[in-house]
K.L.:
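Here's a structure for you.
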Protein chains: 2
Amino acid sequence: MARPSNAAETPEPADESYDLAEQVGFIMRQVAQRHVSIFNEIMGTDLTPTQWAVLARLYQDGGSSQNLLGRQTAMDAATIKGVVDRLLKRKLVQTKPDPEDGRRLIVELSPAGIDYTRELLPKAETVTKVTLAPLATNQRATLIALLKQLR
Amino acid sequence: MARPSNAAETPEPADESYDLAEQVGFIMRQVAQRHVSIFNEIMGTDLTPTQWAVLARLYQDGGSSQNLLGRQTAMDAATIKGVVDRLLKRKLVQTKPDPEDGRRLIVELSPAGIDYTRELLPKAETVTKVTLAPLATNQRATLIALLKQLR
DNA sequence: GGGATATCGTTCGTATACGAACGAGGATCA
DNA sequence: TGATCCTCGTTCGTATACGAACGATATCCC
């Protein structure tokens, strides 16, 4: 059986022209999948992209409250909690209450987490390089610029 | 506390230059989040982007085996099974064994699924339009072309 | 024919992702 | 001070996402 056709109906040009494979959302999902695959190959499977985002952000800026950390790494409160919990279990981060705000939980890298992150930084750069490898240098800049407009 | 510094160590230019917010993977995740948010607003919350991908693909091409359907919609065997199961529960798709291959399960739209998909197609096009709205027309084509090279 | 190999669907475990609801703590303002 | 509103962290439920392992079925090839 081919695509459900209805010769009796008035043709709707808009409907006929929809091709899943041409939609930005679908293409982006595929690109993201390739990127994660590259990430896993290069970084090793024991760390996820999301977990790495947290480590990298903490390495750059030092500790912050859990919610703020979530905002900085593009995760909502429920998601960042799970990620921080798993990093806590691996002793890569540590937490303490904020003395100035009883609601806040400060999250920061543990000494082991600092070392671990520093070791992985070159690999993380490689991940980006390999992901963008199919593009020419000027194309890479163009892509990043366009994507930033769609955030 | 700022970023963990080590004045005593030899500076590593590569490490110092890593900025999470500038990595393709991170930016793409943010763009994907915005896209899903737009999708939910326009389509209504009762259908996910992945479920929609299955409906749209089945509408375009008719039924196919569950595994092939997964490949066409960029999902692995375990993921497509869950999606098909949920669409089955909502009676938007139906399945039957492949008479020519005892291993295969043929998945196709139900009559209700065909109607439902047809109704949603214009909205799905709007999702893409709104997602790309911040870009000029020629920029949209450029972005799609670049992304396709990174699949 | 029959054994090696590959594919298909299923299940399990783990990790995002996020809406919704909740209680505790903080800030604002009358 | 106290009522109101906001923020923060937590928990629950649901839906991807995918590696790994498994049994059933096909196919290949000698």
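Proteins get letters first, then strands, A, B, ... in listed order; numbering begins at 1 in each. If you're wondering where the values come from, they're calculated on a predicted model, not measured in any experiment.
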K.L.:
What is the distance, rounded to the nearest whole Å, between atom CG of A:D46 and atom C1' of D:dA20?
P.N.:
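Rounding to the nearest Å, CG of A:D46 and C1' of D:dA20 are 17 Å apart.
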K.L.:
Calculate the interatomic distance between B:Q33 atom CD and D:dA15 atom P; express it in whole Å.
P.N.:
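Nearest whole value for this atom pair: 20 Å.
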K.L.:
Hey, does B:Q94 have a side-chain heavy atom less than 4.5 Å from the side chain of B:P111?
P.N.:
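With C-beta onward as the side chain, the pair touches.
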K.L.:
Is B:T48 close enough to D:dA15 that one of its side-chain N or O atoms is under 4.0 Å from OP1 or OP2 there?
P.N.:
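No.
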K.L.:
So if you build clusters from Ile, Leu, Val, Met, Phe, Trp, Tyr with side-chain heavy-atom gaps below 4.5 Å, do A:V127 and A:V36 land together?
P.N.:
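The answer is no; the residues belong to distinct hydrophobic clusters.
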K.L.:
Could you state the CG-P distance from B:N40 to D:dA15, rounded to the nearest angstrom?
P.N.:
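Spelled out: CG on B:N40 to P on D:dA15 is 13 Å.
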K.L.:
Measure from CD on B:Q30 to C1' on C:dA17 and round the result to the nearest Å.
P.N.:
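In whole Å, C:dA17 C1' lies 15 Å from B:Q30 CD.
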K.L.:
With sugar-phosphate meaning primed atoms plus P, OP1 and OP2, does A:V83 contact a base, only sugar-phosphate, or nothing at under 4.0 Å between heavy atoms?
P.N.:
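If one applies the 4.0 Å heavy-atom cut-off, A:V83 turns out to touch the sugar-phosphate alone, with no base involved.
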K.L.:
Rounded to the nearest angstrom, tell me the gap between atom CG in B:L87 and atom P in D:dA15.
P.N.:
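The answer, rounded to whole Å, is 10 Å.
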K.L.:
Can you build the contact string for nucleotides 5-14 of chain C? Use B for base contact, S for sugar-phosphate-only contact, and - for no protein heavy atom under 4.0 Å.
P.N.:
-BBSSBB---
K.L.:
Rounding to an integer number of Å, can you tell me how far A:I80 CD1 sits from C:dT16 P?
P.N.:
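For the pair A:I80 CD1 and C:dT16 P, the rounded distance is 9 Å.
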K.L.:
Looking only at the side chains, is there a donor atom on one of A:T79 and A:D76 sitting less than 3.5 Å from an acceptor on the other?
P.N.:
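Yes - a donor-acceptor pair under 3.5 Å links their side chains.
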K.L.:
In whole Å, I'd like the distance from the CG atom of A:L55 to the C1' atom of C:dA15.
P.N.:
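Distance check: A:L55 CG to C:dA15 C1' gives 15 Å.
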K.L.:
Backbone N or O of B:L135 within a donor-acceptor pair of the B:R140 side chain at under 3.5 Å?
P.N.:
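Looks like yes, one N/O pair under 3.5 Å.
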K.L.:
Using heavy atoms to find the nearest nucleotide of DNA chain C for A:Q51 and A:E100 separately, return the residue whose nucleotide is more 5′.
P.N.:
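Going by which nucleotide is closer to the 5' end, it is A:Q51.
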K.L.:
Distance check: side-chain N/O of B:R29 vs OP1/OP2 of C:dT16, anything under 4.0 Å?
P.N.:
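Answer is no, no contact under 4.0 Å.
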K.L.:
How would you label the contact of A:T79 with the nucleic acid (heavy atoms, under 4.0 Å): base, sugar-phosphate, or nothing?
P.N.:
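Counting heavy atoms under 4.0 Å across all strands, the contact made by A:T79 includes a base.
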K.L.:
Between atom CG in A:L47 and atom C1' in D:dC18, what is the gap in whole Å?
P.N.:
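Rounded to whole Å, this separation is 16 Å.
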K.L.:
Look at B:T50 and D:dA17 and indicate whether a side-chain polar atom (N or O) is within less than 4.0 Å of OP1 or OP2.
P.N.:
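Yes.
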K.L.:
Looking at every strand, decide which applies to B:G102 at a 4.0 Å heavy-atom threshold: base, sugar-phosphate, or nothing.
P.N.:
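It contacts sugar-phosphate atoms only.
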K.L.:
Measure the CZ-CZ distance between A:R151 and B:F26 for me, rounded to the nearest 0.5 Å.
P.N.:
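Nearest 0.5 Å value for the CZ-CZ distance: 8.0 Å.
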K.L.:
In terms of hydrophobic clusters joined by side-chain contacts under 4.5 Å, are B:I144 and A:L146 together?
P.N.:
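Yes, B:I144 connects to A:L146 through the hydrophobic network.
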K.L.:
For A:L55, run the side-chain contact (heavy atoms from CB on, under 4.5 Å) check against A:V93, A:T73, A:V83 and tell me which one passes.
P.N.:
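Output: one option passes, namely A:V93.
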